[in-house]
Amino acid sequence: MGVAIRDILVDCREPVSWDDLSGIAAVDAHNALYQFLSIIRQPDGTPLMNGKGRVTSHLSGILFRTANFLEKGIRPVFVFDGKPPELKQETINERRKHRAMADEAWKMALQEGDLEEAYRQASASARIDAHILESSRELLDLLGIPWLEAPSEGEAQAAWMVRKGSAAYVVSQDYDSLLFGAPVLVRNLTVSGRRRVRGRMVTVNPERIVLSSLLNRLGLTREQLIEIGILAGTDFNPGVRGIGAKKALKIVQKGEFESVIAEKQPDFNPAQITDFFLNPPVTDDYTLEWSAPDIEGVVEMLCGRYDFSEERVRSALTRVSVKATQKTLDAWF
DNA sequence: CGATACGA
DNA sequence: TCGTATCGG
């Protein structure tokens with residue numbers, strides 16, 4: 001998932017406190033939804049659902065995370081993917097195949113009573129369909145949170161919004177926005193520090209990656225970072241066999257990107273991928289406004305149609321409302 | 001994931 | 001009151 005450059009960014013991630021994160025956050029909606037849909041499940045892998053079998057995991061995630069963001073002075077704007085570029089088609093096909101296989105493996109694991117495997121496969125089978133998108137956008141509207149659909153990749157649009165100063169940083173677990181030129185990326189923007197991963201407890205803290213610092217530290221230009229991505233693999237090309245981020249870094253630092261491509265993949269022209277990262281389709285046609293939540297509307301949606309507990313929903317909405325009011329006052333001064 | 005219940 | 005377990009939909 002995403003560009004495979006994680007291994008060279010180990011020293012480029014700085015811990016960041018919540019206090020430093022107050023401001024406007026451009027959230028990679030696809031990434032957030034995928035995270036909610038894959039993780040918010042029962043131990044056997046079944047997602048949260050209403051009585052009619054509609055998946056609700058993502059709605060739970062959006063409601064409570066948004067409440068936390070606002071409470072901490074973070075104003076999110078959710079950036080959805082638009083039409084994927086042709087270059088991405090192979091990745092899209094592979095992911096579809098992978099999800100279908102995971103779905104089968106999930107059923108098998110359930111038959112064998114292997115809960116851990118069932119959960120793992122169910123997570124891998126998570127899919128963002130039309131219902132997920134429609135219900136997510138409806139909830140954001142009712143919560144008073146702005147969202148927009150990118151012309152193409154959401155991460156490209158989010159990066160552009162930070163470059164323009166419309167937002168302070170991109171929120172995503174993936175690194176693609178850096179190749180799209182996002183000046184600041186924030187990962188692990190979750191409230192709970194301790195998480196269970198494969199039975200063990202691990203501490204996960206918010207971390208910030210500043211593009212200029214990253215490029216300085218590694219002695220690269222943004223174009224060279226993109227070259228590393230292309231060698232290691234992106235959503236738009238499979239990468240070169242046997243070359244991961246670390247080897248790619250050495251190759252690019254020695255100025256051997258083109259010769260390696262010419263040798264290993266003579267029929268491959270990386271120029272259109274480089275160009276896509278440097279000049280992706282983006283739009284300036286958006287306005288960002290945060291308004292007080294439509295409390296009765298949210299209750300009607302989540303409790304009336306998706307079987308949420310009214311007590312839990314109202315409690316979360318109280319936190320959203322308090323901050324929405326305070327924001328209005330802040331803006332006045 | 002994030003909220004809540006529960007035991008030390 | 002804090003850390004771990006387990007609901008939630």
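Side-chain atoms are counted along with the backbone in the values below, which use heavy atoms only and exclude waters and symmetry mates. In what follows, chains are A, B, ... by sequence order, proteins preceding strands, each numbered from 1. Values in this document were obtained by computation on a predicted structure and should not be read as measured data.
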### Message
Would you say the ring centers of W147(A) and F80(A) fall short of 6.0 Å from each other?
### Response
yes

### Task
Examine the base of dG9(C) for any acceptor or donor lying under 3.5 Å from a partner atom in the side chain of Q42(A), and report the outcome as yes or no.
yes

### Query
Base, sugar-phosphate, or nothing: which does S57(A) touch, judged by heavy atoms less than 4.0 Å apart?
nothing

### Task
Answer with base, sugar-phosphate or nothing: what part of the nucleic acid does R305(A) contact at a heavy-atom distance below 4.0 Å?
nothing

### Message
Tell me which residues in residues 121-138 of chain A lie within less than 4.0 Å of DNA chain B, going by non-hydrogen atoms.
### Response
none

### Task
Would you mind telling me which of dG2(B), dA3(B), dG9(C) lies closest to the side-chain atoms of R319(A)?
dA3(B)

### Sugar-phosphate, base or nothing in reach of P43(A), heavy atoms under 4.0 Å
nothing

### Query
To the nearest angstrom, how far is M49(A) atom CE from dG9(C) atom C1'?
8 Å

### Message
Once you apply a heavy-atom cut-off of 4.0 Å, does R54(A) come out as touching a base, just sugar-phosphate, or nothing?
### Response
nothing

### Task
Respond yes when some side-chain nitrogen or oxygen of R314(A) is under 4.0 Å from OP1 or OP2 of dA3(B), and no when none is.
no

### Task
Might you confirm whether atom NE2 of H131(A) has over 12 heavy atoms from other residues, nucleotides or ligands at distances under 6.0 Å?
yes

### Task
For residues Y175(A) and L9(A), report the shortest heavy-atom separation together with the two atoms involved.
CD2-CD1, 3.4 Å

### Message
Does S60(A) reach a base, just sugar-phosphate, or nothing at all? Heavy atoms under 4.0 Å.
### Response
base

### Query
Any side-chain N or O of N68(A) under 4.0 Å from OP1/OP2 of dA3(B)?
yes

## Note on the structure
Residues at least two apart in sequence or cross-chain that pass ring-ring contact (aromatic ring centres under 6.0 Å, His included) with Y306(A), listed by chain then number, are none

### Query
Is the distance from OP1 or OP2 of dA3(B) to the nearest side-chain N or O of R312(A) less than 4.0 Å?
no

### Message
Give me the atom names and distance for the closest heavy-atom approach of P266(A) to K264(A).
### Response
CD-C, 3.5 Å

## Note on the structure
Which of dA3(B), dG8(C), dG2(B) is nearest the side chain of I40(A)? It is dG8(C)

